[in-house]
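Let me begin by presenting the structure, written as structure tokens, before commenting on it.
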Amino acid sequence: MKVCGNCKLQVGDTLQYCPSCGSDKLRIASNSSLAHLTTTLTATKQNFASQTNNPSSWTAQSPLFQPNIIKGTHPWRRYFARMFDGVFFSIIISVLVTESFPDIGKLLALPILKSATTMIYTVAFVPVEAFCLYAFGTTLGKFLYGIKIYNKISPISYSIGFKRTINVLIFGQCAALPLLNIGTMIAAYSKLTKTGLTSWDRKYDWHVSHSKIGFGRWTLIGAGWLALLFSWYAVLFTTFSR
Amino acid sequence: MMLYLVLGFSIIPFLIVATSNNKNFIISMLCGCLAAATAIPIEKILYQFFALTTQNLSVWNTAFFLAALPEESLKYIILISTEIKIRNKKDIPILFILCGLGFSTIENLIYISRYSNSDVFFDSTYLMTIRFILPSSMHMLCAAITSIGLITNPSKRYHFLLFAVIFHGFYDYVAMNGNEAHQSIILPVALMVAFVSITTIIKAKLS
């Protein structure tokens with residue numbers, strides 16, 4: 001087992017970079033450093049527990065302080081979290097547009113305009129995601145999948161969140177352009193698994209942590225997807241039955 | 001054209017808060033907007049679900065379970081999930097009230113664009129005025145009720161959330177029942193009574 005010399009995170013033996021902070025200063029963990037790590041984690045766990053018992057402290061907690069953080073890059077988890085966010089937002093915006101402007105809603109729901117609608121919704125999601133990252137440090141999909149984004153040095157500002165989301169849109173999703181987005185996603189996947197960080201996270205010094213997914217969280221994820229599936233059919237039914 | 005003027009008027013409170021330079025206030029208000037943007041589609045989808053499964057959906061069920069419960073829960077959950085750092089206990093009711101204001105702003109915009117006739121200025125202005133006075137006040141009062149739980153006894157905060165749901169449900173029930181005489185008397189009186197009670201309680205708890 002290796003330990004990052006910068007953030008003290010335990011990382012896999014095969015990795016060349018720390019998936020949390022991006023540092024290449026990885027060293028083999030000795031018994032004493034592991035013992036130190038355990039002591040630190042126990043102390044921070046107690047600190048975290050005492051702070052969460054105080055209802056008035058809504059302060060941002062570094063995900064590293066949470067006891068159930070697991071190592072690794074988890075590209076598929078991140079992909080499904082983003083997919084969940086995209087589908088959820090599409091449903092919400094479809095209903096809002098249909099409710100407010102029924103003619104436009106009906107037009108956007110036409111199968112022939114499917115790709116264009118997806119692109120419009122993907123771009124429209126950018127400011128919303130930036131706000132979510134700024135205000136909550138996560139989005140609904142990321143929350144469900146136990147993903148948290150943070151910056152160790154400074155709190156996340158809206159502008160930085162916006163820039164990151166734009167970078168994800170361009171370099172990760174290729175603005176949802178059909179076929180082309182597969183290429184950018186493969187490139188991002190490759191970069192993430194090789195270096196432990198995506199280009200946009202490296203650029204703005206962002207870090208992504210992943211919590212352990214237990215039975216409860218799997219149930220929540222399953223229920224979330226089922227709810228989305230039902231909602232999608234309900235939206236289509238509502239749009240075309242008007 | 002007139003509709004856009006009315007729409008512009010509806011976001012004035014939002015702009016006032018946005019220029020206040022207080023990050024927490026802006027975040028709270030935007031959280032309210034986010035809650036409204038999420039709650040309205042959820043209500044529609046739930047309504048669709050119940051309409052498919054249940055033939056007779058009563059006004060009571062619609063008011064309490066399809067409107068009040070999702071709206072108040074989402075307002076609370078979204079605001080409590082933020083990473084806002086509260087330095088003063090007195091800020092909590094203000095943040096909740098602003099969340100309610102953000103919620104009602106988005107709801108007003110959707111209602112106006114859906115129901116108003118853009119050619120008739122009077123209709124849209126009337127609708128806007130009515131919506132701004134009654135439901136906006138109700139949303140802010142319900143948010144204030146929820147905040148009482150956090151400033152008094154956090155372990156019983158869900159009780160106050162339930163009170164907010166009941167008050168919201170009662171308001172919606174009267175509003176949906178269609179009796180204009182009831183609406184024009186009961187709703188303003190209920191809002192006035194709630195306003196006086198809530199401000200008294202909050203002042204007492206914060207002093």
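Note that the structure is a prediction, hence the values are computed from the model and not measured. Proteins come first, then strands; the chains are lettered A, B, ... in the order of their sequence lines, and each starts at number 1.
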- request: Please lay out, stage by stage, how K23(B) and Y158(A) fare under the test side chain to side chain contact (heavy atoms under 4.5 Å, CB included).
  value: CA-CA 11 Å; K23(B) 259 188 197 176; Y158(A) 181 81; over 6 Å; no

query: Which is it for V128(A) and L34(B) under the side chain to side chain contact (heavy atoms under 4.5 Å, CB included) test, yes or no, and what are the steps along the way?
result: CA-CA 9 Å; V128(A) 180; L34(B) 199 64; 4.1 Å; yes

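Proximity to chain A (any heavy atom under 4.5 Å) is shown, for I78(B), by both the backbone and the side chain. Only the side chain of F88(A) comes within contact range of chain B, judged by heavy atoms closer than 4.5 Å.
For the side chain to side chain contact (heavy atoms under 4.5 Å, CB included) test with I45(B), the passing option among Y233(A), W232(A), F230(A) is F230(A); the others fail.
At least one side-chain heavy atom of F131(A) sits under 4.5 Å from a side-chain heavy atom of C31(B). Looking at heavy atoms from C-beta onward, Y150(A) lies out of side-chain contact with E83(B) at the 4.5 angstrom threshold. Side-chain atoms of P41(B) and L96(A), non-hydrogen and from C-beta on, do get closer than 4.5 Å to each other.
Residues A37(B) and I92(A) come closest through the heavy atom pair O-CG2, 3.1 Å.
One distance of note links NZ of K44(B) with OG of S94(A); it measures 15.0 Å at 0.5 Å rounding. Rounding to the nearest 0.5 Å gives a distance of 8.5 Å between CZ of F136(A) and CD1 of I27(B). A distance of 8.5 Å separates CG of L109(B) from OG of S100(A), quoted to the nearest 0.5 Å.
At most 12 heavy atoms of other shown residues, nucleotides or ligands fall within 6.0 angstrom of atom OH in Y79(A). The number of heavy-atom neighbours closer than 6.0 Å to CZ of F143(A), taken from other residues, nucleotides and ligands shown, is 12 or below.
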